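Have a look at the structure below before the remarks.
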Amino acid sequence: MSGLHAVFRRLEGRFGPQQWWPAETPFEVIIGAILTQNTAWTNVEQAIANLRAADVLTPAALVRRSPEELEQLIRPAGFFRQKAARLHHVATVLVDGYGGDVAALCAGPLDAARARLLALPGIGPETADSILLYAAHRPSFVVDAYTRRIFTRLGLLTGSERYEAIRDRFMAELPADVPLFNEYHALIVTLAKVCCRKRRPDCPACPLATDCRFARENRQKP
DNA sequence: ATCCGGAGGC
DNA sequence: GCCTCGGGAT
């Protein structure tokens with residue numbers, strides 16, 4: 001099981017369809033992608049609930065709020081000062097340059113759209129790819145800390161590869177398929193939470209354990 | 001009390 | 001490469 005697609009099939013067989021970010025608007029996906037930076041998703045949920053209660057889930061509504069008000073609403077997600085500024089800026093760009101339309105911001109050749117997102121303050125590689133994939137439904141593979149940890153433990157990465165190198169490898173080895181990329185990243189997150197935790201990993205419960213270097217080395221250790 | 005973990009500025 | 005931003009989880 002050395003192929004990335006074989007890993008996907010194994011995860012799918014264990015965890016089934018994840019159906020990520022199914023019912024949200026594209027702009028809500030952008031909000032979530034920024035709020036979840038360096039933060040657990042559970043913290044983000046309360047922040048989004050606050051934004052929803054305050055009716056601030058569209059670019060037009062968000063640009064009208066003061067930085068201070070946004071900061072208070074998203075406080076549960078942490079890093080609230082920089083994240084409030086990032087949200088306000090991307091909302092401003094959407095309203096002023098793209099008619100408030102996320103699809104327009106993410107249109108054109110994939111590399112060009114990605115570069116456009118990366119040029120925005122507070123949008124780095126992972127956030128850009130999350131927006132492209134989950135908001136704009138474009139085939140850009142999302143790499144995160146869980147991806148790096150899981151595939152390093154498996155023995156398929158060294159752990160020191162740069163973000164782009166990991167993304168390039170997934171995109172070279174897998175077909176450019178939006179549902180596949182969507183599901184694969186979601187399954188990686190699930191595995192990282194259920195088995196492949198940083199602390200107290202549960203290798204006996206892991207569907208990949210039979211082919212994992214880390215699981216073999218950890219056998220019969222506490 | 002420590003861990004978790006993106007982006008940017010240096 | 002190292003540091004800061006900040007909460008919630010453990």
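In this text, all values refer to a predicted model and were calculated from it rather than measured experimentally. Chain A is the first sequence line, chain B the second, and so forth, proteins listed ahead of strands; every chain is numbered from 1. We use all heavy atoms of the structure for the numbers below, so side chains are in, but hydrogens, waters and symmetry mates are not.
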Which pairs of donor and acceptor atoms, one on a side chain in residues 190-199 of chain A, lie under 3.5 Å apart (sequence neighbours left out)?
{"unit_1": "A/T190", "atom_1": "OG1", "unit_2": "A/Q18", "atom_2": "OE1", "d": "2.7"}
{"unit_1": "A/T190", "atom_1": "OG1", "unit_2": "A/A186", "atom_2": "O", "d": "3.2"}
{"unit_1": "A/R197", "atom_1": "NE", "unit_2": "A/R200", "atom_2": "O", "d": "3.0"}
{"unit_1": "A/R197", "atom_1": "NH1", "unit_2": "A/V194", "atom_2": "O", "d": "3.1"}
{"unit_1": "A/R197", "atom_1": "NH2", "unit_2": "A/R200", "atom_2": "O", "d": "2.8"}

Classify [X] by what it touches in the nucleic acid, base, sugar-phosphate, or nothing, heavy-atom distance under 4.0 Å.
X	answer
A/R197	nothing
A/Y163	nothing
A/K83	nothing
A/Q82	base
A/G124	sugar-phosphate
A/L120	sugar-phosphate

Worksheet item: Is a side-chain donor or acceptor of A/Q37 paired with a backbone partner of A/L35 at a separation under 3.5 angstrom?
Response: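 No; judged by distance alone, with no hydrogens or angles, the pair does not exist.
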
Item to complete: With DNA chain C as reference, determine whether A/N38 or A/R200 sits nearer its 5' end, using the nearest nucleotide of each.
Response: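 The residue closer to the strand's 5' end, by nearest nucleotide, is A/N38.
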
Worksheet item: Where each residue is assigned the nucleotide of DNA chain C containing its nearest heavy atom, which of A/F79 and A/T42 is assigned the position nearer the 5′ end?
Response: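 Final value for this comparison: A/F79.
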
Hey, does the side chain of [X] come within less than 4.0 Å of [N]'s phosphate (OP1/OP2), counting only N and O?
X	N	result
A/T39	C/dG8	no
A/R199	B/dC4	yes
A/R81	C/dC5	no

Worksheet item: For residues 129-152 of chain A, which residue pairs qualify under salt bridge (charged side-chain N to carboxylate O under 4.0 Å, His left out), counting only residues two or more places apart or in two chains?
Response: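 As it turns out, the salt bridge (charged side-chain N to carboxylate O under 4.0 Å, His left out) pairs with a partner in residues 129-152 of chain A, which skip direct neighbours, are A/R114-A/D129, A/D129-A/R167.
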
How close or far is atom [atom2] of [N] from atom [atom1] of [X], stated in whole angstroms?
X	N	atom1	atom2	answer
A/K198	B/dT2	NZ	P	16 Å
A/L35	B/dA7	CG	C1'	14 Å
A/L118	B/dG6	CG	P	16 Å
A/R114	B/dA7	CZ	P	10 Å
A/R162	B/dA7	CZ	C1'	13 Å
A/K193	B/dC4	NZ	P	15 Å
A/E126	B/dC4	CD	P	16 Å
A/Y146	B/dC3	OH	C1'	12 Å

Worksheet item: Once the angle between the rings of A/F151 and A/F170 is folded into 0 to 90°, is it parallel (under 30°), tilted (30 to 60°) or perpendicular (over 60°)?
Response: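 Ring orientation, 0 to 90° scale: perpendicular.
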
Item to complete: Write down the atom of A/C203, the atom of A/A209, and the distance for their closest heavy-atom approach.
Response: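 Shortest heavy-atom contact: O-CB, 3.4 Å.
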
Item to complete: Let me know, please, whether A/A40 or A/T127 comes out on the 5' side of the other along DNA chain B by nearest nucleotide.
Response: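 Looking at DNA chain B, the more 5' nearest nucleotide goes with A/A40.
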
